[in-house]
Amino acid sequence: MSTRAYTSRRQSIIDAMVTQLKTIDGTGDFLTNVYNNVSPRLKFWDEVEDFPSLHLNAGSESRDYQGGGYKDRFLSVTVRVYVNEEDAVTALDKLIEDVETVIENSSRLSYTDRQGSTQYTQQITIVSIDTDEGVLEPLGVG
């Protein structure tokens with residue numbers, strides 16, 4: 001039986017990101033604790049029960065074909081953060097700062113593909129950060 005040269009790695013990358021984001025535990029340089037509240041799927045407000053929490057979703061994927069059979073894969077990932085605090089804007093800022101710290105430190109993310117091989121991302125880049133700017137206070141979303 002031959003092994004496939006290419007497999008979907010979307011969920012494997014999300015799972016590896018979830019593992020890294022669970023290190024946000026309020027100790028050391030981290031300002032918040034979300035260890036038990038990181039999910040590999042998006043949730044809507046009515047589904048969120050514990051705060052603060054992080055929810056990830058693999059979005060669109062594109063490919064850039066290079067010479068020699070090499071191709072780059074680009075995967076968009078949405079990270080949605082929810083807080084419920086009196087000062088939701090500050091709570092969001094702290095949590096987003098923690099997420100950014102983890103992502104910057106895990107830019108070359110190690111993950112396991114469906115065939116059990118260890119793979120690595122080349123780079124993880126934060127493209128944009130948005131929040132509700134306190135409109136929903138004491139709830140906050142970023």
Side-chain angles (χ1 to χ4, degrees), residues 1-66 69-142:
M1 182 170 143
S2 66
T3 60
R4 297 178 64 157
Y6 296 100
T7 59
S8 176
R9 298 175 181 174
R10 299 165 56 86
Q11 193 59 47
S12 298
I13 292 170
I14 294 295
D15 291 342
M17 289 182 73
V18 165
T19 299
Q20 290 301 312
L21 290 168
K22 283 184 175 184
T23 65
I24 300 173
D25 62 1
T27 64
D29 292 333
F30 293 119
L31 305 172
T32 51
N33 181 359
V34 294
Y35 175 76
N36 291 320
N37 298 324
V38 183
S39 173
R41 71 174 193 89
L42 286 182
K43 289 187 178 181
F44 296 100
W45 277 113
D46 61 339
E47 297 176 288
V48 178
E49 297 176 3
D50 298 313
F51 298 91
S53 63
L54 298 172
H55 304 275
L56 285 73
N57 183 57
S60 63
E61 183 177 347
S62 63
R63 307 243 166 88
D64 188 9
Y65 293 89
Q66 309 290 331
Y70 181 79
K71 64 182 159 185
D72 290 318
R73 296 176 177 199
F74 300 92
L75 175 64
S76 296
V77 175
T78 299
V79 179
R80 183 142 313 136
V81 300
Y82 295 106
V83 298
N84 186 358
E85 292 192 25
E86 189 172 314
D87 186 355
V89 173
T90 300
L92 278 173
D93 285 346
K94 289 178 180 179
L95 183 50
I96 289 170
E97 185 179 321
D98 286 345
V99 169
E100 187 171 4
T101 298
V102 169
I103 289 173
E104 292 294 330
N105 291 339
S106 303
S107 184
R108 184 162 162 77
L109 183 67
S110 169
Y111 64 94
T112 304
D113 67 16
R114 288 180 185 220
Q115 297 179 325
S117 299
T118 300
Q119 306 290 340
Y120 297 91
T121 60
Q122 289 180 353
Q123 179 179 333
I124 299 176
T125 304
I126 298 170
V127 176
S128 67
I129 298 173
D130 296 308
T131 71
D132 67 350
E133 298 299 329
V135 172
L136 303 171
E137 209 161 58
L139 301 173
V141 63

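- Within 6.0 Å of CG on D29 lie no more than 12 heavy atoms contributed by other residues, nucleotides or ligands.
- The distance from atom NZ of K43 to atom CG of L54, rounded to the nearest 0.5 Å, is 11.5 Å.
- Interatomic distance, I24 CD1 to T101 OG1, rounded to the nearest 0.5 Å: 8.0 Å.
- More than 12 heavy atoms of other residues, nucleotides or ligands sit less than 6.0 Å from atom CD of Q66.
- In this structure, CD in Q115 is found 10.5 Å from OG in S12, a value given to the nearest 0.5 Å.
- Checked by atom type and distance alone, the side chain of N33 pairs as donor or acceptor with a backbone atom of Y35 at under 3.5 Å.
- Side chain of Y111 to backbone of R9: no donor-acceptor contact under 3.5 angstrom is found.
- The distance from the CG atom of L92 to the CG atom of D132 is 6.0 Å, given to the nearest 0.5 Å.
- Taking the side chain as every heavy atom from C-beta outward, V81 and I96 approach each other to under 4.5 Å.
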Full working for side chain to side chain contact (heavy atoms under 4.5 Å, CB included) between V99 and V34
CA-CA 10 Å; V99 169; V34 294; over 6 Å; no

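- The line from CZ of R108 to CD1 of I124 is 11.0 Å long, rounded to the nearest 0.5 Å.
- Proximity of N84 to V48: side-chain heavy atoms (C-beta onward) are nowhere separated by under 4.5 Å.
- Smallest separation of non-hydrogen atoms from V83 and F51: C-CD2, 3.6 Å.
- Counting heavy atoms from C-beta on, the side chains of I126 and E104 come closer than 4.5 Å.
- Between P52 and L95, the shortest heavy-atom contact is CB-CD2, 3.9 Å.
- Using a cutoff of 4.0 Å between basic side-chain nitrogens and carboxylate oxygens, K94 and E85 are not scored as salt-bridged.
- A donor-acceptor contact shorter than 3.5 Å is absent between the side chain of T23 and the backbone of T19.
- Here the side chains of L56 and L21 are in contact, with some heavy-atom distance below 4.5 Å.
- Side-chain atoms of T121 come within 3.5 Å of backbone atoms of S107 as a donor-acceptor pair (strictly under, hydrogens ignored).
- The backbone N or O of V102 sits less than 3.5 Å from a side-chain atom of S106, completing a donor-acceptor pair.
- In this model, a donor atom of one side chain and an acceptor atom of the other lie less than 3.5 Å apart for T125 and Q123.
- Annotation: the span from E61 atom CD to I13 atom CD1 amounts to 7.5 Å, rounded to 0.5 Å.
- Within the 4.5 Å cutoff, side-chain heavy atoms of D25 are placed close to those of F30.
- Considering all non-hydrogen atoms of both residues, S60 and R10 come closest at C-NH1, 4.2 Å.
- A side-chain donor-acceptor contact under 3.5 Å links D98 to the backbone of T32.
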*Take Q11 and I14, measure what side chain to side chain contact (heavy atoms under 4.5 Å, CB included) needs, and give me the verdict at the end.*
CA-CA 5 Å; Q11 193 59 47; I14 294 295; 3.8 Å; yes

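- Nearest approach of A58 to L75, heavy atoms of both residues: CB-CD1, 4.2 Å.
- Taking both residues in full, the closest heavy atoms of L42 and H55 are given as CD2-O, 3.5 Å, listed atom of the first, atom of the second, then distance.
- Shortest non-hydrogen contact noted between S110 and Y120 is CB-CE2, 3.5 Å.
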